[in-house]
Amino acid sequence: MKSITLILFLIASTLSAQLSTFSDRELYQIGKVWGLMKYYHPAVSQEKTDWDAVLLASFRQDSKTGTDGLIKNCLSTADEQKFDKIPKQESECDSITLLNFDASWIEKLKKVSPENKNRLLHLVNTPENVGSFYSNTAKSGIYFSSANEKVYGTFSKDVKMLDLFRIWNVVEYFYPYKYLLDHNWDDVLKKYIPLFKKINNEKDYGSAVMQLAAEL
């Protein structure tokens, strides 16, 4: 029993160490790109690939590949998957949606190749075959759904960072009153990445999530 406990401890310590090798800026960019692809890439939004697993695997990669390498790997992984053709529906964004949506951050990504930036811009500017695995579609719009989100039963720092990215991106893409917040939502992600990095147990996690909720 002691041996099993020691092995689990060593695995958890290794994951935490690998996650900490990424700078806050790198994790910020990874979180933004991961969320955009979750809701805009056909294969990901149709759940033709396990997008949580892709992120967790990215945390375990050598950080020397840089953000650009991780983004390239994410795009390649998603692009390799087959997806269903979905009939195109013409729709117009209302004024509130336009206030909430801003993809200009893609052009501002640091140390990311023009090729990867153009690929991401294409996803948001010409959305095609976007699925609803992580959302519910209705005549009046698209709404967030958590029905298909995975639940993880064991504690690890990488899963808690995944949780932060999940929560932040849900607000980024689905919260209708984001434009009314008295602070920039991007700054919230920057603020909480170092906080979630320091989480060591479930008590720390609960406190961090409560603070994050208070931002709304």
Side-chain angles (χ1 to χ4, degrees), residues 22-46 51 54-55 58-59 63 65-79 86 88-135 137 141-144 161-197 212 215-216:
F22 291 96
S23 69
D24 293 352
R25 178 186 60 80
E26 289 173 326
L27 288 172
Y28 166 76
Q29 294 192 155
I30 292 169
K32 295 266 289 182
V33 171
W34 179 81
L36 182 149
M37 291 184 63
K38 178 175 182 176
Y39 297 119
Y40 277 89
H41 193 287
V44 180
S45 62
Q46 294 181 24
W51 206 231
V54 171
L55 178 64
S58 296
F59 288 158
S63 62
T65 59
T67 308
D68 191 51
L70 289 177
I71 293 174
K72 184 177 180 180
N73 289 340
C74 286
L75 286 167
S76 297
T77 299
D79 289 343
I86 299 176
K88 188 174 182 179
Q89 295 181 345
E90 296 295 335
S91 60
E92 294 184 3
C93 292
D94 56 30
S95 59
I96 292 179
T97 301
L98 292 173
L99 285 172
N100 274 324
F101 185 77
D102 180 11
S104 63
W105 59 269
I106 297 174
E107 293 283 11
K108 301 173 186 175
L109 288 170
K110 302 291 186 181
K111 297 181 179 181
V112 174
S113 68
E115 178 184 2
N116 283 339
K117 288 181 181 180
N118 290 336
R119 183 73 179 87
L120 295 171
L121 285 169
H122 179 76
L123 288 176
V124 296
N125 291 331
T126 56
E128 294 179 337
N129 302 305
V130 175
S132 57
F133 186 80
Y134 299 106
S135 61
T137 56
I142 301 174
Y143 302 92
F144 170 71
M161 189 62 69
L162 163 66
D163 284 345
L164 172 61
F165 290 173
R166 278 180 173 178
I167 296 168
W168 187 88
N169 279 291
V170 167
V171 175
E172 171 75 353
Y173 292 104
F174 293 96
Y175 187 52
Y177 307 113
K178 188 181 70 173
Y179 74 99
L180 291 175
L181 296 175
D182 57 5
H183 46 266
N184 187 290
W185 191 239
D186 279 5
D187 292 339
V188 172
L189 182 57
K190 294 174 183 176
K191 175 181 176 181
Y192 281 86
I193 283 174
L195 182 62
F196 271 67
K197 263 186 174 181
L212 179 57
E215 299 288 349
L216 297 176

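Residue numbers start at 1 and run along the sequence shown. The analysis underlying the following values was restricted to heavy atoms, covering all of them including side chains, and did not include hydrogens, waters or symmetry mates.
Using cut-offs of 30° and 60° on the angle between ring planes, the pair Tyr39 and Phe174 is perpendicular. Ring geometry, Trp34 versus Trp51: the interplanar angle falls under 30°, so the pair is classed parallel (tilted spans 30 to 60°).
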Practice problem: I would like to know whether Val33 and Leu70 meet side-chain contact (heavy atoms from CB on, under 4.5 Å); could you show each step before the answer? | Solution: CA-CA 10 Å; Val33 171; Leu70 289 177; over 6 Å; no
Exercise. Walk me through it: do Leu189 and Asn169 pass the test side-chain contact (heavy atoms from CB on, under 4.5 Å)?
Key: CA-CA 9 Å; Leu189 182 57; Asn169 279 291; over 6 Å; no
Quiz item: Does the side-chain contact (heavy atoms from CB on, under 4.5 Å) test come out yes or no for Ile167 and Tyr192, once each step is laid out?
Solution: CA-CA 11 Å; Ile167 296 168; Tyr192 281 86; over 6 Å; no
Quiz prompt | Worked check of side-chain contact (heavy atoms from CB on, under 4.5 Å) between Ile193 and Arg25 | solution = CA-CA 9 Å; Ile193 283 174; Arg25 178 186 60 80; over 6 Å; no
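Looking at Lys190, its side chain never comes within 3.5 Å of a backbone N or O of Tyr28 through a donor-acceptor pair. Judged by distance alone, the side chain of Gln46 and the main-chain N or O of Asn129 form a donor-acceptor pair under 3.5 Å. A donor-acceptor pair under 3.5 Å links the side-chain atoms of Gln29 to the main chain of Lys110, judged by distance alone.
Taking a cutoff of 4.0 Å between a charged side-chain nitrogen and a carboxylate oxygen, Lys178 and Glu172 qualify as a salt bridge.
For Glu215, the salt bridge (Lys or Arg N to Asp or Glu O under 4.0 Å) criterion is met by Lys191, not counting sequence neighbours. Taking Asp24 as the reference, Lys197 meet the side-chain hydrogen bond (donor to acceptor under 3.5 Å, both in side chains) condition, with sequence neighbours excluded.
Checked by atom type, the side-chain pair Asn100/Tyr175 shows no donor-acceptor distance below 3.5 Å.
When every heavy atom of Tyr173 is checked against every heavy atom of Tyr40, the shortest pair comes out as CE2-CE1, 3.9 Å. Ile86 approaches Val130 most closely through the heavy-atom pair CD1-O, 3.4 Å. Scanning both residues, Cys74 and Met37, for their nearest heavy atoms gives O-CE, 3.7 Å.
Here Ile71 contributes atom CD1 and Leu120 contributes atom CG; the two are 6.0 Å apart, rounded to the nearest 0.5 Å. Rounded to the nearest 0.5 angstrom, Phe59 CZ and Leu162 CG are separated by 7.0 Å. Remark: Ile106 CD1 to Leu123 CG distance equals 8.0 Å, nearest 0.5 Å. Rounding to the nearest 0.5 Å places NZ of Lys111 at 15.5 Å from CG of Asn116. Taken from NZ in Lys32 to CG in Asp186, the straight-line distance is 3.5 Å, to the nearest 0.5 Å.
When side chains are defined from C-beta on, Arg119 counts as touching Asp79, because their heavy atoms get closer than 4.5 Å. For the pair Leu55/Ile30, a side-chain contact is recorded, criterion being any heavy-atom separation below 4.5 Å from C-beta on.
No more than 12 heavy-atom neighbours from other residues, nucleotides or ligands sit within 6.0 angstrom of NZ on Lys72.
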